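Notes to accompany the following structure.
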Amino acid sequence: MPDKSKYDVLIDIGRRRGLFWPSYEIYGGVAGLYDFGPIGVEIKRRIMMEWIRFFIHRQGGLVVEIESPIITPRMVLVASGHEEHFTDPVTECTKCGRVFRADHLIEEQAHVKAEGLSMDELWSLIREHNVRCPVCGGELTKPRPALLLFKTEIGPYKGSPGYLRPETAQGMFVSFKQVFNVARNRLPLGIAQIGRVGRNEISPRQGLMRLREFTIMEFEFFFDPERVEEEAGKYLLGPILDYKMNVLTARDKARGVEEAKTYTVRELLEDKIVSTPWMAYWMAIGNMFLESLGIPPDRIRFDEKLPHEKAHYSVQTFDQEVYTEKYGWVEVAGYSYRTTYDLGRHIEYSGADLMVFRRFKEPRIVRKKTIYPNPARIKELAGEKFGIVMKRIASMDKEELLKTLEEKGYIVIEDVKLGRDAFYYKEVEEKVHGEKYIPHVVEPSFGLERIFYVVLENSLVFEENRTYLKLKPSIAPYDVAVYPLLSGSKREHREMMRIARGIAEALRETGLNVYYDEEGSIGRRYMRGDEIGIPYAITVDYDTLKDNTVTIRHRDSRMQERINIDKLYDRLLELLGRRIDWRSLSRRII
RNA sequence: GCGGCGGUCGUCUAGCCUGGACUAGGACGCCGGCCCCCCAAGCCGGAGAUCCCGGGUUCAAAUCCCGGCCGCCGCACCA
């Protein structure tokens with residue numbers, strides 16, 4: 001093993017082989033921005049495809065995918081609470097350099113209300129009350145807003161304010177009604193999106209771990225909180241209940257425990273560690289997803305966030321973390337129970353009806369007091385305003401009207417005071433078939449670039465005289481490499497090259513992604529393929545010329561098997577785990 | 001954002017302290033050729049460096065000084 005760390009080797013391979021490197025280098029580079037190269041994009045895309053397989057395709061319609069814009073009108077992020085939570089007034093200690101929320105500091109030290117004040121007002125309060133650094137007592141700078149949203153203008157002339165989205169989630173909330181209709185008004189329903197987001201981090205410094213622009217894969221899972229047991233129950237049965245995960249609970253953390261414990265899904269449900277069964281279900285799927293990428297189970301854990309660690313919208317949050325040599329435990333996904341927060345806020349700010357109708361099992365008979373205007377009496381009271389007053393009453397909410405009348409005994413409409421006698425009261429029996437409610441939301445959210453890094457680091461293997469990426473075939477940049485044993489100008493060598501090229505071409509036609517290389521010695525080519533994680537290599541040699549056989553070299557063991565070209569494709573599918581035994585599957589059906 | 005350290009071909013590095021003979025040297029990698037029936041072999045040749053950027057000092061700057069950018073480490077931030 002070289003004395004270099006896995007991180008250093010990955011940075012080296014990243015640049016040399018075209019996986020990733022810092023962006024805009026010829027202009028000095030910009031912190032927090034990375035390019036992905038030809039090999040990097042292949043791996044990244046396949047990780048993304050795995051995610052889609054796990055969370056969308058295999059869920060059989062339970063989760064659907066959409067795509068919404070990156071550019072977001074300001075109002076959307078005001079409603080979501082992001083603008084408020086992204087623009088903290090911060091002040092800095094001139095002595096020790098620590099940064100603080102200015103308003104909080106003033107409230108603590110001066111005991112006056114400071115929240116929501118302008119930067120200037122906060123500044124004068126700091127001077128007036130001699131607010132100091134709570135750590136070292138140093139003087140503080142004038143507060144300034146720390147805006148973590150990328151601001152932009154929508155429209156070139158008189159642009160309206162907009163932001164780049166800091167998460168894709170708002171796209172799902174804002175379009176909830178449309179997607180819900182398209183999905184034929186059925187809950188539970190997950191709305192997924194994979195897309196780029198921007199966060200103007202103050203000082204992004206941890207390579208791919210903390211980017212200013214990155215890819216989120218997430219979905220909002222909408223469900224009826226009153227029917228969780230029966231609905232989630234359909235999914236939480238069978239083997240999944242015994243599936244094990246490592247969880248560090250908030251309870252344990254509060255007690256000072258730092259090690260995660262292993263729980264089955266059943267235990268998470270029965271011990272009420274998760275606030276809703278759907279949380280447990282998606283955590284399990286998420287864990288299986290990471291395992292399928294080659295992360296060992298003991299290097300995956302869930303870290304439940306303590307109350308002060310959670311985002312503003314969440315009642316319960318689990319971070320899913322993967323252990324790395326470079327950064328320790330890093331968060332690759334967050335699972336938040338957002339309840340009705342987002343839809344509720346968008347209902348409030350947009351005025352749109354984002355509620356869902358819940359049909360009762362049996363229609364309910366409801367006795368209801370209701371009122372009607374008494375036109376004769378209103379005409380007396382309103383005189384020539386009669387028409388307009390009647391119109392106003394028609395547009396009012398009957399329950400509100402009733403409530404006002406019962407509380408105050410009168411109501412003023414268009415300057416006309418109407419007493420109880422202006423209305424008829426009636427007790428009616430209504431058959432109610434259901435009610436409206438705001439669906440609850442559980443949100444699993446994955447950072448693609450972080451997963452990319454932890455997968456690479458966990459796949460990197462040092463052997464005595466080679467370094468390679470032990471990537472699962474499903475996420476390798478190429479399915480297979482094809483090499484001629486030798487590539488000189490002799491007749492046999494030219495023949496090997498011809499056949500090897502032919503094999504590569506034919507395999508490409510089947511849809512496999514094939515790497516072809518004839519430069520340098522065969523050993524060197526194996527190394528080049530291993531370094532970017534190509535799982536299998538086909539070599540055309542002298543025997544091929546005699547009997548139409550080739551060898552398949554296995555990346556991990558370096559073993560070779562000889563096989564006739566006719567059987568090559570089937571064998572490859574088998575090795576790549578793509579040959580499905582339909583007969584055993586079909587047996588389940590009948 | 002604060003403090004410390006650093007930045008020379010794709011990578012690692014020599015040179016910097018003590019300014020000049022540096023058209024910036026080497027190794028690995030890359031490309032072309034020769035050789036070779038299997039795991040980074042060898043030989044020959046080739047391409048490849050705004051010495052991070054800008055300014056200053058000087059007859060002369062990779063080298064000294066200042067500012068910026070980027071990176072690493074610590075602190076802070078990460079809704």
Side-chain angles (χ1 to χ4, degrees), chain A residues 2 4-5 7-9 11-18 21-33 37 77 80-88 90-101 133 135-136 138 141 144 146-149 166-167 199-207 209-212 305 308-314 317 319 326 331 334 336 447 463-468 483-490 492-493 496 519-531 537-546 550-551 553-555 557-560 562:
Chain A
K4 280 182 146 190
S5 70
Y7 173 81
D8 290 332
V9 171
I11 296 295
D12 177 38
I13 294 176
R15 184 181 292 276
R16 206 158 35 76
R17 301 308 307 280
W21 57 81
S23 299
Y24 304 113
E25 274 195 313
I26 67 164
Y27 288 102
V30 178
L33 299 178
L77 293 171
S80 70
H82 283 86
E83 193 187 65
E84 183 191 340
H85 291 273
F86 257 79
T87 52
D88 294 341
V90 293
T91 178
E92 197 179 314
C93 172
T94 53
K95 208 167 128 196
C96 69
R98 272 173 246 265
V99 176
F100 305 94
R101 275 284 293 262
C133 171
V135 178
C136 75
T141 61
R144 60 193 157 74
L147 180 69
L148 272 68
L149 289 169
E167 58 172 27
R199 297 183 186 187
N200 211 350
E201 300 285 353
I202 295 169
S203 74
R205 265 195 317 199
Q206 295 141 45
M209 291 304 111
R210 196 122 158 261
L211 298 172
R212 286 194 165 121
K305 298 284 108 178
H308 68 273
E309 297 173 320
K310 285 182 306 194
H312 61 275
Y313 46 68
S314 177
T317 300
D319 279 355
K326 173 71 179 169
E331 176 196 350
S336 294
E463 274 177 13
E464 213 172 314
N465 43 26
R466 71 165 174 161
T467 296
Y468 70 105
Y483 308 123
L485 181 64
L486 292 162
S487 60
S489 52
K490 284 189 178 165
E492 307 98 297
H493 300 163
M496 285 176 196
E519 286 153 16
S521 71
I522 187 68
R524 179 174 294 264
R525 281 179 261 146
Y526 287 148
M527 292 307 138
R528 282 201 281 246
D530 291 350
E531 195 176 41
I538 296 159
T539 306
V540 174
D541 57 17
Y542 286 94
D543 288 347
T544 312
L545 307 180
K546 282 184 269 170
V550 293
T551 64
R553 173 189 178 270
H554 296 220
R555 175 196 64 202
S557 63
R558 298 204 236 188
M559 302 250 284
Q560 279 176 288
R562 184 162 285 281

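Owing to the predicted nature of the structure, the values given are computational and were not obtained by experimental measurement. To find a chain, count down the sequence lines: A is the first, B the second, and so on, and within it residues start at 1.
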Under 3.5 Å donor-acceptor, A:R525 side chain and A:G520 backbone: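 Here the side-chain-to-backbone pair exists.
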Exam field: side chain A:R15 to backbone A:W21, donor-acceptor pair closer than 3.5 Å: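 Absent.
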Rounding to an integer number of Å, can you tell me how far [X] [atom1] sits from [N] [atom2]?
{"X": "A:E519", "N": "B:G29", "atom1": "CD", "atom2": "P", "value": "15 Å"}
{"X": "A:D319", "N": "B:C78", "atom1": "CG", "atom2": "P", "value": "14 Å"}
{"X": "A:E331", "N": "B:A79", "atom1": "CD", "atom2": "C1'", "value": "12 Å"}
{"X": "A:E25", "N": "B:U8", "atom1": "CD", "atom2": "P", "value": "11 Å"}
{"X": "A:R17", "N": "B:C30", "atom1": "CZ", "atom2": "C1'", "value": "11 Å"}

With respect to A:V550, which candidate in A:V540, A:D541, A:T539 satisfies the side chain to side chain contact (heavy atoms under 4.5 Å, CB included) definition?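 Option passing the side chain to side chain contact (heavy atoms under 4.5 Å, CB included) with A:V550: A:V540.
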Watson-Crick or G-U wobble mate for [N], both contacts under 3.5 Å:
{"N": "B:G45", "value": "B:C31"}
{"N": "B:G1", "value": "B:C75"}
{"N": "B:C70", "value": "B:G6"}
{"N": "B:G19", "value": "none"}
{"N": "B:A14", "value": "none"}
{"N": "B:U63", "value": "none"}

Encode nucleotides 66-72 of chain B as B, S and - characters from 5' to 3', where the letter depends on protein heavy atoms closer than 4.0 Å: B to the base, S only to sugar-phosphate, - to neither. ---SSSS
Using a 4.0 Å heavy-atom cut-off to protein, can you give one letter per nucleotide of nucleotides 37-42 of chain B, 5' to 3': B if the base is in contact, S if only the sugar-phosphate is, - if neither? BBBBS-
For [X], all residues meeting salt bridge (charged side-chain N to carboxylate O under 4.0 Å, His left out), sequence neighbours excluded:
{"X": "A:R17", "value": "A:E531"}
{"X": "A:E331", "value": "none"}
{"X": "A:K546", "value": "A:D543"}
{"X": "A:R553", "value": "A:D530"}

Using side-chain contact (heavy atoms from CB on, under 4.5 Å), reason through A:R555 and A:Y526 one step at a time and then give a plain yes or no. CA-CA 8 Å; A:R555 175 196 64 202; A:Y526 287 148; over 6 Å; no
Assuming nearest nucleotide by heavy-atom distance, tell me which of A:D12 and A:K310 is located more 5' along RNA chain B.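 Taking each residue's closest nucleotide, the earlier one in sequence belongs to A:D12.
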Give A:Y483 one of three labels, base, sugar-phosphate or nothing, depending on what nucleic acid heavy atoms sit under 4.0 Å from its own.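 Result for A:Y483 = nothing.
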Using the C1' atom as the reference point in each nucleotide, state the distance between B:U50 and B:G45 in Å, no decimals.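 About 28 Å, rounded to a whole number of Å.
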Could you label the plane-to-plane angle of the A:H82 and A:Y313 rings as parallel, tilted or perpendicular, counting under 30° as parallel and over 60° as perpendicular?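 The rings of A:H82 and A:Y313 sit tilted, inter-plane angle from 30° to 60°.
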